[in-house]
Amino acid sequence: MRKLKRPILRIGLVGGFLAWSACSGGAGPGAATEEALTVEAPAPPRQADARPGRAASTAVEAAPMLGDTALQRLVREIQPAVERSAGIAASRPLHVAATDEARLRRYLEEQLGQQLSPERARAITATYARLGLVPDTLDLRALLMALLQEQVVGYYDPVTDTLFVHERVGVAELEPVLAHELVHALQDQRFALDSLTRALKDRNDASTASQAALEGHATYAMMEWQFGALTGAPADLTTLPDLGATLGSIDLTALGDFGSADVLAKAPAVIREGLIFPYVGGLIFVQRAWTSERQRPLPFGDRLPQSTEQILHVERWLDPDLPTEVAFTAELEDWTATHAGDLGELETRLFLEEHLGDRGKAAAAAAGWDGDAYRLLRGPAGEALVWVSVWDTEAEADEFAEAARAAYARRYPRGGRNLHVQRDTVEGRPVVRILDLPPGADRAPALGAVRLVGGG
């Protein structure tokens, strides 16, 4: 029986750094380029996992990194138990290697260059600055690079079919890091993460949901393996009390042997939440799903979650409640769309929480979300944000509209914007239109004209 000081919950970035950048992307549902802001990307083609607080410069109980052959033996030793917890058996040999700071930095820079151009970074920043979630002076690319350098301790690269572990990983953390990345390697053998990432690259909320499914699954299997190693017998996390009641109210940096998390601590709340959600929210989702369905269905393939609503409310995944696509219908002569996307229930909740300062009220007002879309526009009068959301019931739409009005009152305490929060009906469905316009801009009906596809 191995001796572990305590189970380590690893939290971090997936898909390079695109938990936020992949989460905050381009041009609306079905439009040109979109993403979601959760330090955004689901199961990216290359998954880089990070943990708040694992800084390269932090002094920890580090052991000389094992050679690749020894790492390979260690993976083979833990692989049967990890496969059992993950519910996936390897179909081909797995490869593992150590990496150093220089090699990791080159990898991260390559990912950043491929996934987040300077132009796209500026568009993302402008959108979330208009929502009041980040400062308009934010250098997103620099922040993401600093976060990754602080936190990444391991990643799985589907291109080379290899899981990498940073040489700074501490003694007690080596096996958990390998276990987590091993699950990603098994996922890739079964579901081809590259293809999944490409399919969802323009669907922000769906991308975040799939990331949560992948990271939640890997975190669940890692923790179950840890408990089994601690007790000397196979573990079953579904026999534990609901993790949502615990993990939603604790300081996550207190879990495991975390070092400094200065960059993460100073990052905007929406970025911190976006980094944490795929791991913690995904873990809670998998525990609830597997508690309800004892045969442990894998949340991939035909059962891949389609929205963060399904991650937050597992019953809407078990009995599928598919999101409605909200598509803008008008081409605007006086406006140019500079960015478009959707927020999903998670980011809608984060918007309300940021401005209301009440987590419970924000969660209640965001529940009932069934789909949304926004467009950031540039016109003669200045910058505008148009955000349209559809809701399950009239009462839930009313509750969100009331919360949104209160949030915007705090967002713009001195006024100065031509702001409208409107309750309406589209195709028999309750919607809320938010027009955040510059002073003097015409509130033309076409600005918020949409059609609804699917859902219901």
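- Side chain of T338 to main chain of L376: a donor-acceptor pair is present (N/O by atom type, distance under 3.5 Å, no hydrogens or angles).
- With rounding to the nearest 0.5 Å, the separation of OG1 in T127 from CH2 in W387 is 12.5 Å.
- Taking both residues in full, the closest heavy atoms of D188 and D161 are given as OD2-OD1, 4.5 Å, listed atom of the first, atom of the second, then distance.
- Proximity of F400 to V421: side-chain heavy atoms (C-beta onward) are nowhere separated by under 4.5 Å.
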- request: May I have the step-by-step check of side chain to side chain contact (heavy atoms under 4.5 Å, CB included) for Y374 and V388, ending in yes or no?
  value: CA-CA 6 Å; Y374 65 76; V388 182; over 6 Å; no
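- Between Q151 atom CD and L148 atom CG the span is 7.5 Å, to the nearest 0.5 Å.
- Scanning all heavy atoms of the two residues, the minimum distance from T125 to P135 falls at CG2-O, 3.8 Å.
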field: Residue pair R429, D370: steps toward the salt bridge (Lys or Arg N to Asp or Glu O under 4.0 Å) verdict
entry: CA-CA 10 Å; R429 303 284 306 282; D370 198 61; 2.8 Å; yes
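- Separation of the F300 and H217 ring centroids falls under the 6.0 Å cut-off.
- A cation-pi geometry, defined here as NZ or CZ lying under 6.0 Å from the six-membered ring centre and within 45° of its normal, holds between R303 and W317.
- When atom types are taken as modelled, the side chain of E383 and the backbone of R378 share no donor-acceptor pair closer than 3.5 angstrom.
- Pairing each heavy atom of I311 with each of A209, the nearest pair is CD1-O, 3.7 Å.
- In this structure, T393 contributes its side chain and E396 its backbone to a donor-acceptor pair below 3.5 Å.
- The neighbour count for E119 CD, taken as heavy atoms of other residues, nucleotides or ligands under 6.0 Å away, is above 12.
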- prompt: What's the verdict on side chain to side chain contact (heavy atoms under 4.5 Å, CB included) for L264 and L147, showing C-alpha distance, side-chain angles and the deciding distance?
  reply: CA-CA 6 Å; L264 184 69; L147 278 168; 3.9 Å; yes
task: Step by step, work out the side chain to side chain donor-acceptor pair (under 3.5 Å) result for Q114 and E110.
output: CA-CA 6 Å; Q114 292 176 357; E110 176 189 351; 3.3 Å; yes
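- Distance CZ/R141 to CZ/R122: 9.0 Å, rounded to 0.5 Å.
- P305 places none of its side-chain heavy atoms less than 4.5 Å from the side chain of S210.
- Ring centers of W290 and Y220: under 6.0 Å apart, within the cut-off.
- Between D136 and R130 there is no salt bridge, since no side-chain nitrogen of the basic residue lies less than 4.0 Å from a carboxylate oxygen of the acidic one.
- Donor-acceptor pairing under 3.5 Å is lacking for the side chains of Y279 and Q211.
- Counting heavy atoms from C-beta on, the side chains of D372 and P323 never come closer than 4.5 Å.
- No side-chain heavy atom of E315 sits under 4.5 Å from any side-chain heavy atom of R288.
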query: So T162 and D157, side chain to side chain donor-acceptor pair (under 3.5 Å) or not? Walk me through it.
result: CA-CA 5 Å; T162 301; D157 181 5; over 6 Å; no
message: Would E347 and Y128 count as a side chain to side chain contact (heavy atoms under 4.5 Å, CB included) here? Give the steps.
response: CA-CA 10 Å; E347 291 184 351; Y128 287 92; 3.0 Å; yes
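- Checking side-chain atoms of H355 against main-chain N and O of L350 turns up no donor-acceptor pair under 3.5 Å.
- Surrounding CD of E402 are at most 12 heavy atoms belonging to other residues, nucleotides or ligands under 6.0 Å away.
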- prompt: Going through the checks in order, is the side chain to side chain donor-acceptor pair (under 3.5 Å) test met by H420 and R443?
  reply: CA-CA 9 Å; H420 306 274; R443 184 178 54 152; 3.3 Å; yes
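- Residues L377 and T336 form no side-chain contact, since every pair of their non-hydrogen atoms from C-beta on lies 4.5 Å or further apart.
- Residues D139 and M145 fail the side-chain proximity criterion, which asks for heavy atoms closer than 4.5 Å.
- The backbone N or O of S307 sits nowhere less than 3.5 Å from a side-chain atom of D205 that would complete a donor-acceptor pair.
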message: Could you walk me through whether R105 and E101 satisfy the salt bridge (Lys or Arg N to Asp or Glu O under 4.0 Å) test, starting with their C-alpha distance in whole Å, then the side-chain angles of each, then the deciding distance to 0.1 Å, before giving a yes or no?
response: CA-CA 6 Å; R105 181 177 179 82; E101 194 65 25; over 6 Å; no
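- The aromatic rings of Y107 and Y155 sit parallel, their planes meeting at an angle under 30°, below the 60° perpendicular limit.
- Between the side chain of D424 and the backbone N or O of V431, no donor-acceptor pair lies under 3.5 Å.
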Intermediate values then yes/no, side chain to side chain contact (heavy atoms under 4.5 Å, CB included), E173 and V153: CA-CA 10 Å; E173 299 169 327; V153 293; 5.9 Å; no
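- From H166, atom NE2 reaches atom OG1 of T99 across 6.5 Å, with rounding to the nearest 0.5 Å.
- Atom CG of D242 sits about 7.0 Å away from atom CD1 of I284, to the nearest 0.5 Å.
- Using a 4.5 Å cut-off on side-chain heavy atoms (C-beta onward), L178 and V82 make no contact.
- Nearest heavy-atom pair, T324 versus G454, reported as atom, atom and distance to 0.1 Å: OG1-O, 3.4 Å.
- Salt bridge present: E394 and R423 bring a charged side-chain N and a carboxylate O closer than 4.0 Å.
- For E325 and R451, the salt-bridge test fails: no basic side-chain N is under 4.0 Å from an acidic carboxylate O.
- Between E224 and R296 there is a salt bridge, since a side-chain N of the basic residue sits under 4.0 Å from a carboxylate O of the acidic one.
- A tilted orientation is assigned to the rings of F351 and Y408, their planes being inclined by 30° to 60°.
- A donor and an acceptor atom, one from each side chain of H184 and Q187, are located under 3.5 Å apart.
- With salt bridges taken as basic N to acidic carboxylate O contacts below 4.0 Å, none links E353 and R349.
- Closest non-hydrogen pair, A407 versus L352, comes out as CB-CD2, 4.1 Å.
- Heavy-atom minimum distance, H180 versus T219: CE1-OG1, 3.3 Å.
- The main-chain N or O of S91 is found under 3.5 Å from a side-chain atom of Q189 such that the two form a donor-acceptor pair.
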- request: Report the C-alpha separation of E345 and T308 in whole Å, then their side-chain angles, then the decisive distance to 0.1 Å, and conclude whether the side chain to side chain donor-acceptor pair (under 3.5 Å) test is met.
  value: CA-CA 6 Å; E345 181 175 341; T308 55; 6.0 Å; no
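- When R411, R417, R375 are each tested for a salt bridge (charged side-chain N to carboxylate O under 4.0 Å, His left out) with D436, only one passes: R417.
- Looking at D342 and V326, their side chains never come closer than 4.5 Å, going by heavy atoms from C-beta outward.
- Here the straight-line distance linking atom CE of M222 with atom OG of S85 works out to 11.0 Å at 0.5 Å rounding.
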